[in-house]
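Letters go in sequence order (proteins before strands), and every chain restarts at 1. Predicted model, so just to flag it, every value in this text is computed and none were measured.
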2 protein chains.
Amino acid sequence: MRLTEKKIAAILRQEGYKLTPQRRAVLATICLSRDHLTPADIYEKVRHESPGIGLVTVYRTLELLARLGLICELHSSGACRSYSLRRPAGHHHHLICTGCGVVADFTKCDLSELAERLARETGFEIEDHLLEFAGRCQTCRTSSERSAKQGDP
Amino acid sequence: MRLTEKKIAAILRQEGYKLTPQRRAVLATICLSRDHLTPADIYEKVRHESPGIGLVTVYRTLELLARLGLICELHSSGACRSYSLRRPAGHHHHLICTGCGVVADFTKCDLSELAERLARETGFEIEDHLLEFAGRCQTCRTSSERSAKQGDP
DNA sequence: CTGACTGCAAATAGTTTGCATGACG
DNA sequence: CGTCATGCAAACTATTTGCAGTCAG
């Protein structure tokens, strides 16, 4: 089951953090979006709802949520920092379209064998992993085929 | 076989780029280091050899080398952009120590099965992937065990 | 009430751009 | 020699910090 706005709010309270309208707004924005959002994206979206909010507050809220493990950071070549709601499975991975930038998530992956082998070979104690695939999504593939036929500029 | 400074120099010439002392210096630094270096790291190292070099030149050289596919970029939470020599296998992956930041590379991984499944399920045409493991290297594990016994501050 | 939170402004870090000078081929 | 490359300074973007006022609990 996915983390909901209410659940996150409850966790915040439990941890002794105040639930301000600004935090609610940031939270709502992240919960409503399935994409990964940069701080600036979130700020833009949140402004509509809470016009007075400052970008600084968005940064601080993101930092807080990330620290509590409620949202996850994504690092890719394009946007260096973006966030999305954490999936309940604990971790998940990304499939990023090089055309339009859309991010699809997937959770099922079995890297345990590889992780074990690496641990043996390198002496690392492996704690986590980040796996990202890059490619072209259905939509971009279709549209580039179309424009190829038309002679794309 | 690993890419050498000479080989890269030859490739640059082939591609019609000039081989200036500054580019040589940046190249030498990257080739001599097995770690991933940030632009600032490289700048610092290169300065010793070529005191007059500008940070801008380092950026431009890195961009050039990355464009030619001779070095690869790494994106991780800590340092957002760092570079290392490309491994001959085409692509490789990283094992990053959360303690000291050391990066070990590995090349052997078989994600083709997973990639195929994802392609089927999502309609993406998968072109590339990025796999990073995070953990604690042998050295950090040893030293944290030691400091744990001493009562780490 | 009161400490945590916010917003502003300014500081900082990282990266890019414009332009005159210099050097590789 | 001509053109590409360099270095400086300035512009720009992204993020962090200091501080006084505000508000959730």
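- Summarising the geometry, the separation between CG on A/D41 and P on D/dT15 is reported as 11 Å, rounded to the nearest angstrom.
- Whole-Å rounding puts the B/I53 CD1 to D/dC8 P distance at 10 Å.
- Of the residues in residues 45-52 of chain B, none has a non-hydrogen atom less than 4.0 angstrom from any atom of DNA chain C.
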(request) Kindly determine whether B/D41 and B/T38 satisfy side chain to side chain contact (heavy atoms under 4.5 Å, CB included), including the steps that lead there. (result) CA-CA 5 Å; B/D41 288 338; B/T38 63; 3.1 Å; yes

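- Of the residues in residues 9-21 of chain B, those lying under 4.0 Å from DNA chain C by heavy-atom distance are B/R13, B/K18, B/L19, B/P21.
- With contacts defined as side-chain heavy-atom distances shorter than 4.5 Å, the pair A/Y83/A/L37 does not qualify.
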(message) Would B/R117 and B/E113 count as a salt bridge (Lys or Arg N to Asp or Glu O under 4.0 Å) here? Give the steps.
(response) CA-CA 6 Å; B/R117 203 198 70 209; B/E113 218 174 287; over 6 Å; no

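- Checked by atom type and distance alone, the side chain of B/T29 pairs as donor or acceptor with a backbone atom of B/A25 at under 3.5 Å.
- The side chain of B/Q22 contributes no N or O atom lying less than 4.0 Å from OP1 or OP2 of C/dA23.
- Note: CG (B/L62) to C1' (D/dT6) measures 15 Å, nearest angstrom.
- With sequence neighbours left out, the side chain to side chain contact (heavy atoms under 4.5 Å, CB included) criterion links A/Y43 to A/R47, A/I53, A/L55, A/V58.
- In this entry the distance linking CZ of B/R67 with P of C/dT16 reads 12 Å, nearest Å.
- Between B/L27 and B/T61, every side-chain heavy-atom pair lies at or beyond the 4.5 Å cut-off.
- For C/dC5, one of the phosphate oxygens OP1 or OP2 lies less than 4.0 angstrom from a side-chain nitrogen or oxygen of A/R23.
- One finds the CZ atom of B/R23 at 6.5 Å from the CG atom of B/L12 (value rounded to the nearest 0.5 Å).
- Distance A/L64 CG to D/dT16 C1': 16 Å, rounded to the nearest Å.
- At distances below 3.5 Å, at least one donor-acceptor pair connects side-chain atoms of B/T122 with backbone N or O atoms of B/F124.
- Sequence order on DNA chain C of the closest nucleotides to B/R60 and B/R24 puts B/R60 first from the 5' end.
- Following rounding to the nearest Å, B/L55 (CG) and D/dG7 (P) show an atom-to-atom distance of 11 Å.
- Distance from the side chain of B/Y59 is smallest to C/dT15 among C/dT15, C/dG7, C/dG18.
- Remark: B/R67 engages B/E63 in a salt bridge, criterion side-chain N to carboxylate O under 4.0 Å.
- With rounding to whole Å, A/Y43 atom OH is found 14 Å from D/dT15 atom C1'.
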